Participant: 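The structure follows.
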Amino acid sequence: MPLRFRFVLWVAALGLICIQPQASAASPASDSIAGLNAKFLDVMKKGDTLGYAGRYRELEPVLSQTFDFSEMTRVSTGRYWNDMTDSQKQVLVEAFEDYSVATYASRFKSYSGQKFEVLGEEPGPRKSVRVNNQIITSSGDPIRIDYLMRDSGGSLKIVDVYLKSSISELATRRSEFGSVLSKKGVDGLVAALKEKVGEMEKEGQTASTQ
């Protein structure tokens, strides 16, 4: 092969290499949700063996790391938050976190071929990132569960969850919590959350013995 022709081929090859798109860096937000999905799936597959208490233990550290429960509690309580003492806020955040973990431990209790998919992400309000996500049921029907994430102490954490892409969990909680706070105060809301956790725990224990 003539030297000149080989040089032309080499230049062309170099040009192709140069214009190849660089692999984009993994998104911290999408990676976080993918990790959460993987944990949900793992717990579901071991659901019967773990039982309710085991699912709670498995999920608690992951949810605590992925969700900003303090911010979610603040938003869920609305104007009542500013009137609380630091001690009341701490107790309420702990009760809300316990309730949230219990809800997921109760919800993701068995596996029948479900799949989780991160669909992408888009900018959200106030420098947040919305990660679009869905669960494919055993029948093949997709259920959208999107997550709104915002920086919290140097890492992105979930601050809201959207069912069917439009139903905000915090908006629903704000209505529920506001009603309880207006009638029974912080102690009443903490008691109500603990009562719901007790009901889920009892239901989980009953199911494991059947």
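Only a predicted model underlies this, so the values are computations on that prediction, with no experimental measurement involved.
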Participant: Say whether Y162 and N133, considering side chains only, have a donor N or O and an acceptor N or O under 3.5 Å apart.
Facilitator: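 Not at all, the side chains of Y162 and N133 share no donor-acceptor pair under 3.5 Å.
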Participant: Please give me the minimum heavy-atom distance between L156 and M149, naming the atom from each residue.
Facilitator: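 Answer, listing the atom of L156 first, then M149: O-CE, 3.6 Å.
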Participant: Quick one: do the T137 and S139 side chains pair a donor with an acceptor below 3.5 Å?
Facilitator: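 A pair is found: one side chain offers a donor N or O, the other an acceptor, under 3.5 Å apart.
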Participant: Minimum heavy-atom separation for K127 and R150, please, with both atom names.
Facilitator: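 Scanning both residues, the minimum pair turns out to be O-CG, 4.3 Å.
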Participant: Would you name the heavy atoms of S112 and S138 that are closest together and state the gap between them?
Facilitator: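 Distance-wise, the nearest heavy atoms are O-CB, 2.8 Å.
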Participant: Roughly how far apart are I167 CD1 and D146 CG, rounded to 0.5 Å?
Facilitator: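 If we round to the nearest 0.5 Å, I167:CD1 and D146:CG are 11.5 Å apart.
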Participant: So, does D68 use its side chain to make a donor-acceptor pair with the main chain of V159 at under 3.5 Å?
Facilitator: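 Side chain of D68 to backbone of V159, a donor-acceptor pair under 3.5 Å: no, none is there.
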Participant: Please tell me whether Y80 and L92 are part of a single hydrophobic cluster in this structure, the criterion being side-chain heavy atoms less than 4.5 Å apart.
Facilitator: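 As far as the 4.5 Å side-chain criterion goes, L92 and Y80 are connected within one cluster.
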Participant: Can L59 be reached from F96 by stepping across I, L, V, M, F, W or Y side chains whose heavy atoms are under 4.5 Å apart?
Facilitator: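 Linked within one cluster.
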Participant: Closer than 4.0 angstrom, basic N to acidic O: yes or no for E176 and R173?
Facilitator: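 A salt bridge links E176 with R173.
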Participant: Would you call the rings of Y52 and Y56 parallel, tilted or perpendicular, where under 30° means parallel and over 60° means perpendicular?
Facilitator: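 It falls in the tilted class, 30° to 60°.
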Participant: Supply the atom-to-atom distance D141 CG to I135 CD1, rounded to the nearest 0.5 angstrom.
Facilitator: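 With rounding to 0.5 Å, CG (D141) is 12.5 Å from CD1 (I135).
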Participant: If I compare all heavy atoms of Q134 with all of P142, which pair ends up nearest, and what's the gap?
Facilitator: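 Result for this residue pair: OE1-CB, 3.4 Å.
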Participant: Nearest 0.5 angstrom please: L119 CG to I33 CD1, how far?
Facilitator: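 Output value for this atom pair is 12.0 Å.
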Participant: Rounded to the nearest 0.5 Å, what's the gap from OH on Y147 to CZ on R130? Could you check?
Facilitator: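 Here the interatomic distance stands at 12.0 Å.
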Participant: Going by distance alone, is a donor N or O of one side chain under 3.5 Å from an acceptor N or O of the other, for R174 and S76?
Facilitator: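 Note: R174 and S76 side chains miss the donor-acceptor criterion.
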Participant: Locate the shortest heavy-atom distance separating S70 from W81; write the atom from each residue and the value.
Facilitator: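 Scanning both residues completely, I find the closest heavy atoms to be O-CH2, 4.4 Å.
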Participant: Heavy-atom distance under 4.5 Å between the side chains of S32 and T66, does that happen here?
Facilitator: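 A side-chain contact under 4.5 Å exists here.
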Participant: Within a strict 4.5 Å, meaning less than it, do heavy atoms of the D98 and L193 side chains meet?
Facilitator: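 A side-chain contact under 4.5 Å is absent here.
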Participant: Do we get R107 above Y104's six-membered ring, with its NZ or CZ under 6.0 Å from the centre and within 45° of the axis?
Facilitator: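 Geometry flag: set, cation within 6.0 Å and 45°.
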Participant: When E58 is tested against each of K45, K109, K46 for salt bridge (charged side-chain N to carboxylate O under 4.0 Å, His left out), which residue passes?
Facilitator: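 Single pass found, and it is K46.
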Participant: So K39 and D42, side chain to side chain contact (heavy atoms under 4.5 Å, CB included) or not? Walk me through it.
Facilitator: CA-CA 5 Å; K39 188 60 182 179; D42 178 60; 3.9 Å; yes
Participant: Would you indicate whether the side-chain heavy atoms of T77 and L189 approach each other to under 4.5 Å?
Facilitator: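 Yes, at least one pair of side-chain atoms sits under 4.5 Å.
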Participant: Do S27 and E121 get their side chains close enough for a donor-acceptor pair, meaning under 3.5 Å?
Facilitator: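 Judged by distance alone, the side chains do pair up.
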Participant: Provide the closest heavy-atom pair for L50 versus V43 in the form atom of the first, atom of the second, distance.
Facilitator: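 Heavy-atom minimum between the residues: CD1-O, 4.2 Å.
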Participant: Taking only Lys NZ, Arg NE, NH1 and NH2, and the carboxylate oxygens of Asp or Glu, determine whether K157 and E71 approach each other closer than 4.0 Å.
Facilitator: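 No, K157 and E71 are not salt-bridged.
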Participant: Would you kindly confirm whether I136 and F108 end up in one hydrophobic cluster when ILVMFWY residues are joined by side chain heavy atoms under 4.5 Å apart?
Facilitator: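 No, it is not one cluster - the side chains of I136 and F108 are not joined through contacts under 4.5 Å.
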Participant: Please determine whether residues M72 and Y99 belong to a single hydrophobic cluster, defined as Ile, Leu, Val, Met, Phe, Trp and Tyr linked transitively by side-chain heavy-atom distances below 4.5 Å.
Facilitator: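 M72 and Y99: one cluster.
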Participant: To the nearest 0.5 Å, what is the distance between CD on E169 and CD1 on I145?
Facilitator: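 E169 atom CD to I145 atom CD1 measures 10.0 Å (nearest 0.5 Å).
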Participant: Drop me the distance from S100's OG to L63's CG, to the nearest 0.5 angstrom.
Facilitator: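 Going from OG on S100 over to CG on L63, the span is 8.0 Å.
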Participant: Might you work through the side chain to side chain contact (heavy atoms under 4.5 Å, CB included) test for T85 and Q88, ending with a clear yes or no?
Facilitator: CA-CA 5 Å; T85 65; Q88 287 177 320; 3.2 Å; yes
Participant: Under 4.5 Å between any side-chain heavy atoms of S64 and E97, yes or no?
Facilitator: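 Contact flag for S64/E97 side chains = yes.
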Participant: Do the side chains of I158 and F69 join up, straight or via other hydrophobic residues, at under 4.5 Å, putting them in one cluster?
Facilitator: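 Per the 4.5 Å side-chain linkage, I158 and F69 are co-clustered.
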